[in-house]
Amino acid sequence: EIYVNGLLTGALPPHSVDPAVLEEVARRRLGEGPYWYVAGSAGTGATERANREAFGRRRIVPRMLVDATERDLGVELFGERLPAPVLLAPVGVQSIVHPEGELATARAAASLGVPSILSTMASHTIEEVAAAAGEGPRWFQLYWPHDDEVTVSLLSRARKAGFTALVVTLDTWTLGWRPHDLDLAYLPFLRGEGLAIPFSDPAFLAGLEKSPQEDLGAAVLRWAPMFNGRAHTWDRLALLRDNWDGPIVLKGIQSADDARRAADHGMDGVVVSNHGGRQVDGAIASLDALEPVAEAVGDRLTVLFDSGVRTGADVLKALALGARAVLLGRPYLWGLACGGADGVRHVLRCLLAELDISMGLAGHRAVAGLAPDCLEVR
Ligand code: FNR
């Protein structure tokens with residue numbers, strides 16, 4: 001489409017196809033605070049770099065004289081047939097990047113049949129985002145409050161609004177040491193943008209004397225410890241199981257042992273993830289954690305992956321190492337910054353097109369055929 005449009009009409013693609021260029025354009029548009037909210041990572045950025053290096057150490061070995069003219073990128077996740085093995089990762093307070101935030105993201109994902117995962121920390125309500133997604137597939141990500149009433153209230157709203165799978169993020173029970181955030185990016189929070197939503201839950205409001213807008217300080221003081229500062233433990237998963245009748249996926253798993261425990265506790269899936277290197281600086285590269293987890297529980301759990309995926313070739317590598325599908329993080333935020341819903345759609349279409357072409361050229365007709373021996377490790 002891009003080559004033919006270029007030849008026939010001289011039209012270039014609406015945004016750059018190169019993720020690095022798109023990021024640079026987004027940076028200029030956003031300014032330093034919002035840019036670093038997305039781009040920043042923990043500590044020295046060692047784990048964020050390790051995520052990319054782990055992809056660099058693995059190379060695809062293309063096979064010839066295979067008829068891969070017709071390709072099928074489809075996968076089934078929890079009984080849902082998806083057009084491609086890609087989902088949009090949960091990202092909080094997207095209004096920092098674009099006023100339409102999660103609404104634009106949900107519309108773009110839905111237009112391609114790609115599930116978007118709504119963050120607990122979204123800047124629009126669960127119900128508004130569900131309406132924007134329309135018939136599109138949608139999952140809900142839980143930052144797990146310690147107040148069970150708030151937890152149950154969030155889960156029941158998400159379920160009513162048509163979110164099918166629950167993603168429980170375990171790695172962010174307190175925020176990592178993020179120098180860029182600390183230096184720059186709390187400005188939007190201090191201006192009150194994006195804070196409205198965790199505040200909108202009726203279970204939360206019941207504990208406040210005035211509205212959060214009237215007494216932002218009291219709201220923040222009650223809200224912050226609710227989500228932040230204390231970890232949950234394995235025995236508490238029963239509460240989620242009892243209050244969510246769909247699949248439950250634990251996000252932030254980085255060890256085979258934890259993945260086995262997830263299976264033993266009746267979970268349905270895991271996301272191998274280090275939160276894009278935003279939590280433990282010096283943590284294992286997410287792609288290095290993937291293969292041991294997939295070997296340990298691939299036959300018991302749906303293994304998903306994120307952290308460091310930037311290209312279609314990266315998706316292919318993660319699938320070959322045992323992921324059933326991957327979550328895309330920062331790149332779609334650059335699309336959102338550059339063009340709202342159209343920008344997110346553009347990023348997704350480029351990623352899926354590149355995955356499709358690379359699969360074919362490497363000699364693979366379907367994602368099910370991908371295995372570690374499709375790769376060489378340097
Ligand atoms: C995140 N991530 C995240 N995860 C989550 O479970 N809930 C959330 O609210 C957020 N918020 C968030 C904000 C921003 C700005 C970023 C960049 C990331 C983590 C996200 O879901 C995912 O794990 C990583 O982004 C994946 O890494 P890459 O693709 O960004 O390298």
Determine, using the 4.5 Å side-chain heavy-atom cutoff (strictly less than), whether [X] and [Y] are members of one ILVMFWY cluster.
X: Val220; Y: Phe227; result: yes
X: Val150; Y: Leu205; result: yes
X: Ile284; Y: Val303; result: no
X: Val17; Y: Leu333; result: no

## Note on the structure
Rounding to 0.5 Å, atoms CH2 (Trp36) and CG (Leu30) come to a distance of 12.5 Å
### Task
Can you measure from CG (Leu328) to CG (Leu88) and round to the nearest 0.5 angstrom?
6.5 Å
### Task
Pick out which of Val272, Val167, Val309, Ile117 makes a side-chain contact (heavy atoms from CB on, under 4.5 Å) with Leu327.
Ile117
### Query
Which pairs with one or both residues in residues 288-304 pass salt bridge (Lys or Arg N to Asp or Glu O under 4.0 Å), sequence neighbours excluded?
Arg57-Asp288, Arg58-Asp288, Asp264-Arg300
Verify the distance criterion only: is there a donor paired with an acceptor across the side chains of [X] and [Y] at less than 3.5 Å?
X: Ser286; Y: Asn274; answer: no
X: Thr233; Y: Asp235; answer: yes
X: Asp201; Y: Ser153; answer: yes

### Query
Do Phe140 and Trp244 have ring centroids that are under 6.0 Å from one another?
no
Quick one: does [X]'s side chain get under 4.5 Å of [Y]'s, heavy atoms only?
X: Pro14; Y: Asp342; result: no
X: Thr169; Y: Thr120; result: no
X: Leu77; Y: Leu87; result: yes

Of the non-hydrogen atoms in [X] and [Y], which two are nearest, and what is the gap between them?
X: Pro99; Y: His124; answer: O-NE2, 3.5 Å
X: Phe55; Y: Lys317; answer: O-NZ, 3.0 Å
X: Ala104; Y: Gly340; answer: CB-C, 4.2 Å

### Query
Name the one of Arg345, His346, Gln94 that satisfies side chain to side chain donor-acceptor pair (under 3.5 Å) with Tyr332?
Gln94
### Arg81, CZ: over 12 other non-hydrogen atoms inside 6.0 angstrom
yes
### Task
Output yes when Asp215 and Arg222 qualify as a salt bridge under the 4.0 Å nitrogen-oxygen rule, no when they do not.
no
Scan the side chains in residues 359-373 for donor-acceptor partners under 3.5 Å anywhere in the protein, sequence neighbours excluded, and list what turns up.
unit_1, atom_1, unit_2, atom_2, d
Arg365, NH1, Asp67, O, 2.8

### Task
Fit a plane to each ring of Trp223 and Phe199, take the angle between them on a 0 to 90° scale, and name the class: parallel (under 30°), tilted (30 to 60°) or perpendicular (over 60°).
perpendicular
